[in-house]
Each structure stands twice: as structure tokens, then as C-alpha cells.
Peer 1: 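My questions all concern the structure below.
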Amino acid sequence: MHDFNEKKILELMIPSEKVAHVHMNNPLEHAMLVLIKSGYSAIPVVDTDFKLKGLISMSLILDSILGIERIEMERLENKVVEDVMNREVPSIHENESLLKGLKLSIDHTFLCVVNDEGIFTGIFTRRALLKQMNRYIHEMNRESVRPT
Ligand code: AMP
């Protein structure tokens, strides 16, 4: 597990430039479009300084416009992302070890990555972690069957 203590989240994360995200003050309808077009179930929310503020998902949006008998789409117009987002974001510092990422990834499909200032710098996905573990376990396996 040496590798997992040494390697940093920074080395395996998807950088923020490649992550679909929205701003707190974006209309909710915009967030809905980004979620539909990207196909992701949840995406990060940032403020104007690019600080991490929350997560928004399709189910949060739909729940916020759910009437008694139907989904009231017209209510989308009056809302911004901040009104609906989840402020409890699973996050990790970019300099933390993979081992810490492994622990947090048990409960979350992805973690938002931040720097010292709380600026959103990327995401660390369970997929990236499993790929790294797969590589590591296969290497260990090869070494253990190698003739001496
Ligand atoms: P994956 O590792 O591709 O299965 O992604 C797991 C989750 O991480 C997705 O459902 C999204 O919520 C999030 N995610 C992964 N890649 C991106 C991305 N490029 N932009 C935004 N969210 C992402």
C-alpha cells in the first residue's frame, strides 16, 4: 500500500477545466440543461471566485418543482442553483493521499477536490481510484508469480 500513501489526489483527479459544473447564481433551468447534456447524475457548484459551494443533481431540481399532482416546470424560472443545491459536499484537499481518498470513496462516487483557499480544482472519481487499484493489484500479482 506504499503507493497509496505516497500518491496524491492531485495526480489522479480530473482537472476542473474538464468538469461539468454550474455557478450558484445560474438559473436552475441552466443547471438542468447541463445535467441532461453531460449525462452526469450530480455536478459541482462554485461561486464567482470558483470556490466550491455545493452539488446539484436532477433529483434535487425535480424535487424542488414537484407539485401535488405534477412537475410544475414553470417554477423553474424563479429559481437559481443556490436555492436548491446541496451544501454538504464530499470533498478532499488536493494534497491528501490516495489512501484518504479510498476511505471517502466508500460512500461517494466522486469527491470534489479543493486547494488551500477552498478553490475547486477538480474531481476525484471512484472510477479513477478503481483503475489505480486494478493496476496496483495486477502488478503485485505479477511480482508474486515471477520466478526467482
Ligand atoms: P464516472 O467515474 O465517470 O462513473 O463518474 C462518476 C460521477 O462523477 C458522475 O456521475 C458525475 O457525477 C461525476 N463526474 C465524472 N466525470 C465528470 C465530469 N467530467 N464533469 C462533471 N461530473 C463528472
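Owing to the predicted nature of the structure, the values given are computational and were not obtained by experimental measurement. Note that ligands are numbered from 1 as they come in the structure, with each ligand's atoms numbered from 1 the same way.
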Peer 1: As an exercise, state the distance from OG of S91 to CD1 of I9, rounded to the nearest 0.5 Å.
Peer 2: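 Reported to 0.5 Å precision, the distance equals 11.0 Å.
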
Peer 1: Verify the neighbour count for atom CD of E72: are there more than 12 heavy atoms of other residues, nucleotides or ligands below 6.0 Å?
Peer 2: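 Atom CD in E72 is packed in, count exceeds 12.
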
Peer 1: Check step by step if side-chain contact (heavy atoms from CB on, under 4.5 Å) holds for D83 and V80.
Peer 2: CA-CA 6 Å; D83 302 331; V80 292; 3.6 Å; yes

Peer 1: How close does the nearest protein non-hydrogen atom get to atom 17 (C) of ligand 1, and which residue and atom is it?
Peer 2: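 Going by distance alone, atom 17 (C) of ligand 1 is nearest to Y40 CZ, 3.3 Å.
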
Peer 1: Considering only non-hydrogen protein atoms, determine which one is nearest to atom 13 (C) of ligand 1 and report residue, atom name and distance to 0.1 Å.
Peer 2: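 Checked against all protein heavy atoms, atom 13 (C) of ligand 1 sits closest to F110 CD2, 3.6 Å.
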
Peer 1: Might you confirm whether atom CG of L130 has over 12 heavy atoms from other residues, nucleotides or ligands at distances under 6.0 Å?
Peer 2: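 Yes, enclosed.
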
Peer 1: Counting non-hydrogen protein atoms only, what is the nearest one to atom 3 (O) of ligand 1? Give residue, atom name and distance.
Peer 2: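 Closest protein heavy atom to atom 3 (O) of ligand 1: R127 CD, 4.1 Å.
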
Peer 1: Is a donor on one side and an acceptor on the other found under 3.5 Å between the side chain of D47 and the backbone of D49?
Peer 2: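 Yes, D47 side chain to D49 backbone: donor-acceptor pair under 3.5 Å.
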
Peer 1: Tell me the contacting part of K18 for ligand 1: side chain, backbone, both, or neither, using a 4.0 Å heavy-atom threshold, strictly below.
Peer 2: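 Answer for K18: backbone.
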
Peer 1: Quick one: look up the protein heavy atom nearest atom 10 (O) of ligand 1 and list residue, atom name and how far away it is.
Peer 2: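 Looking only at protein heavy atoms, the one closest to atom 10 (O) of ligand 1 is S41 OG, 3.3 Å.
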
Peer 1: Students often mix this up, so state it plainly: with edges at 30° and 60°, are the rings of H21 and F50 parallel, tilted or perpendicular?
Peer 2: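 Judged by the thresholds at 30° and 60°, the geometry between H21 and F50 is perpendicular.
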
Peer 1: Tell me, yes or no, whether the heavy-atom count around R75 atom CZ, taken from other residues, nucleotides or ligands under 6.0 Å, exceeds 12.
Peer 2: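 More than 12 within 6.0 Å, yes.
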
Peer 1: Around atom 14 (N) of ligand 1, find the nearest protein heavy atom and jot down its residue, atom name and distance.
Peer 2: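 Its nearest protein heavy-atom neighbour is I123 CD1, 3.4 Å.
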
Peer 1: Among all protein heavy atoms in this structure, tell me which lies nearest to atom 20 (N) of ligand 1, with the distance rounded to 0.1 Å.
Peer 2: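 Its nearest protein heavy-atom neighbour is A20 N, 2.8 Å.
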
Peer 1: If you have a sec, work out which protein heavy atom is nearest atom 12 (O) of ligand 1 and how many Å separate them, to one decimal?
Peer 2: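 Closest protein heavy atom to atom 12 (O) of ligand 1: A42 O, 2.6 Å.
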
Peer 1: Report the nearest protein non-hydrogen atom to atom 5 (O) of ligand 1: residue, atom name, distance rounded to 0.1 Å.
Peer 2: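 Protein heavy atom at minimum distance: T125 CG2, 4.3 Å.
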
